[in-house]
Number of protein chains: 2
Amino acid sequence: MYYNIALIGFGGVNRALAHIISTDPEKFYCEMGFNLRIVAVSDVFLGSVYTPEGIDLALLAALPLAQGACATLPNGKTTAENEDIIKNSNADIVVEATVTDSITGQPAISHCRWALSTGKHVSTTNKGPLAFAEQELMALSLKNNVGFEYEGVVMSGTPVLRFADKLLKGSGINKFTGIVNGTANYVLGLVEQGYSFVDAITAAQRQGYAEADPSADIEGKDVMLKVIVLANRLWNTNLTQKTVQCQGISDLTETMVRQAVTEGCHWKLLGKASKQDDGSIVASVSPEKLSVEHPLAAISGAVNAITFTSDMLGDVTVSGPGAGRIETAYAILSDIIAIHQRRES
Amino acid sequence: MYYNIALIGFGGVNRALAHIISTDPEKFYCEMGFNLRIVAVSDVFLGSVYTPEGIDLALLAALPLAQGACATLPNGKTTAENEDIIKNSNADIVVEATVTDSITGQPAISHCRWALSTGKHVSTTNKGPLAFAEQELMALSLKNNVGFEYEGVVMSGTPVLRFADKLLKGSGINKFTGIVNGTANYVLGLVEQGYSFVDAITAAQRQGYAEADPSADIEGKDVMLKVIVLANRLWNTNLTQKTVQCQGISDLTETMVRQAVTEGCHWKLLGKASKQDDGSIVASVSPEKLSVEHPLAAISGAVNAITFTSDMLGDVTVSGPGAGRIETAYAILSDIIAIHQRRES
């Protein structure tokens, strides 16, 4: 069996996904129990292509990074056709990996809405739809009995959402604490080593960790959105950006960061949420000075980690990559596995 | 809906399970989607009781720790009736948590065999059946279409087996490295702090970590069996005790352990397995001196951790409790959740 998929946005992540699919289809099928057929690609820069019987993956892999390049493919166009492809293609699954406006969550929200409304499963790596329209999109997915999956939103391919949701089910999770922004963590590590904050941020940008505008990473907003996504998923609550206290690392000084090391401590930007006695959820983002005994103190560089505290297990921590093209493409693959398992059941 | 369960062995773990089930049945049902009814208990010391419509959990909770105490319960007997209960009771699921002979794997193997042969699901916390009869028992479970689950065998309730098997599916795991014996790790920590090995082992026994005969922990055999269980599950291979190189911590000296700390390192007893280029699996157990940058160097005391290395994600580490009554009881609960999901699908 196979699923038809439409890739909305064809940047590094969806390219990596196409690469994974095409590398060894036989092995892929053996391991997964299904194959994937890319029937459509639509990208604001590259244009679009829709081939109901499947796009030639060798051609797709060789697609130059040039404006309107999709027009060089059979059936290709120089323009993006997101709405038409999402609504009217024969895709079973829409993979949403576009660049999102952090103020409105668009256009990812519309993409998810169109897909779910027309009975297509969605895998997205975008925080936007979760931060701004989670309840609406969840309701749509339930109503139309399709999957709405977003493992890549928190810690990219490290499967923390499903870990907490599926594998710690019934353990009584009452708290989580995480380092979920690799840029901030990488910057703090460099400052410990003697970099100024400014130089550390520049270095993070050179490494490809930080955006051209690094403020969402540095001011904690990226962490806040991830905390909201995880808390809402875990406790079926409705945290919003207004209800989470958020402080980034810009109030820290270089002296504070280096002084901590001499005390055997490390400053870390932590996202936290916990269940109160009355059942309500309190969440926050702030830098904290951790002693080296703390399980998250050793999480360095661009690595991410989350500690889940539960009634039955105490602390359980998952650490792993929090970014990366292949890593995030694996998150999409794990979403598709979940969609497949759901369909099988 | 509910499942009838038979508890074979009624030590700390199965008592904790009974406690979990009885604490808040309504909440339990809401979260799980099923209830559990304990229909039988059989224990070599306490005796046995079989009540097809469910044993009164309040009476079970109050059962004194006295030889033959089960006889004080309605339908109770002073003798264990493992075989009869496993084969002939109305249990849907047999929970096997007896004390196993480390040379033969018995009586746990027979318990699992009887249960699976008569169409009952099995959850076991025992390494014995996996180490000595995995292939036979797996074949039986497939033949009779029942679950054979054993999450508690590695890292107790920390769900590493399902994490690797389900959540990292398709990521291309090619290696794992773990600290999976809390006793050895706790002992090494105390020796770092100045204890002699002898005193450290005595302290571990007092804490309830080490057995009266601690040799399986200290000599690495416990780690070896866990490595075999995990490797066989991950790669569908057939490692046996004969094919795994095994060295414990008894060749380390107190000087070596303390010297390492002055160098910024820690000795850890590591279990490892990796996939070779020809597809074969090589596994080993041995102490290694890790620098503090190593993700497992900070795993201290009785905490356990395993790092999975995969093609797509690089290193992903799960750390958490590796022992404990409630923690292991949670492993059984997670097995039952898996059995339920399997049945639902």
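Throughout, protein chains are lettered first and strands after them, A, B, ... in sequence-line order, and every chain is numbered starting at 1. Heavy-atom basis, side chains included; hydrogens, waters and symmetry copies ignored.
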Chemist: Is the number of heavy atoms from other residues, nucleotides or ligands under 6.0 Å of H294(A) NE2 greater than 12?
Modeler: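 Yes - once you tally the heavy atoms of other residues, nucleotides and ligands closer than 6.0 Å, there are more than 12.
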Chemist: For chain A, which of M32(B), E31(B), R162(B), K169(B) has the most heavy-atom pairs under 4.5 Å?
Modeler: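 Of M32(B), E31(B), R162(B), K169(B), K169(B) has the most heavy-atom pairs under 4.5 Å with chain A.
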Chemist: Hey, is CG on D277(A) packed in by over 12 heavy atoms from elsewhere, all under 6.0 Å?
Modeler: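 Open.
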Chemist: Are more than 12 heavy atoms, taken from residues, nucleotides or ligands other than E26(B), located less than 6.0 Å from that residue's CD atom?
Modeler: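 Not buried by this count: 12 neighbours or fewer within 6.0 Å.
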Chemist: Need one label for L313(A): side chain, backbone, both or neither, based on atoms under 4.5 Å from any heavy atom in chain B.
Modeler: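 Its backbone and side chain both get close to chain B.
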Chemist: Which heavy-atom pair separates F163(B) from P159(A) by the least distance, and what is that distance?
Modeler: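 Smallest interatomic distance, heavy atoms only, reads CE1-CG, 3.8 Å.
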Chemist: In terms of heavy-atom proximity below 4.5 Å to chain B, should I20(A) be classed as side chain, backbone, both, or neither?
Modeler: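 For I20(A), the side chain is the part near chain B, not the backbone.
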Chemist: Between V316(B) and P321(A), is there a side-chain heavy-atom distance shorter than 4.5 Å?
Modeler: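 Heavy-atom side-chain distance check passes, below 4.5 Å.
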Chemist: Find the distance between CD1 (I326(B)) and OG (S171(A)) and round it off to the nearest 0.5 Å.
Modeler: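 These two atoms lie 12.5 Å from each other.
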Chemist: Any heavy-atom pair between the side chains of L167(B) and L167(A) that's under 4.5 Å?
Modeler: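 Yes, their side chains come closer than 4.5 Å.
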Chemist: With chain B, which of G170(A), G320(A), G324(A), A298(A) has the greatest number of heavy-atom pairs at distances under 4.5 Å?
Modeler: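 It is G170(A).
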Chemist: For L333(B) versus M312(A), what's the shortest heavy-atom pair and its separation?
Modeler: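 Closest pair (atom of L333(B), atom of M312(A), distance): CD2-CE, 4.4 Å.
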Chemist: Tell me whether the count of non-hydrogen atoms from other residues, nucleotides or ligands lying under 6.0 Å of OH in Y195(A) goes above 12.
Modeler: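 Incorrect, the count does not exceed 12.
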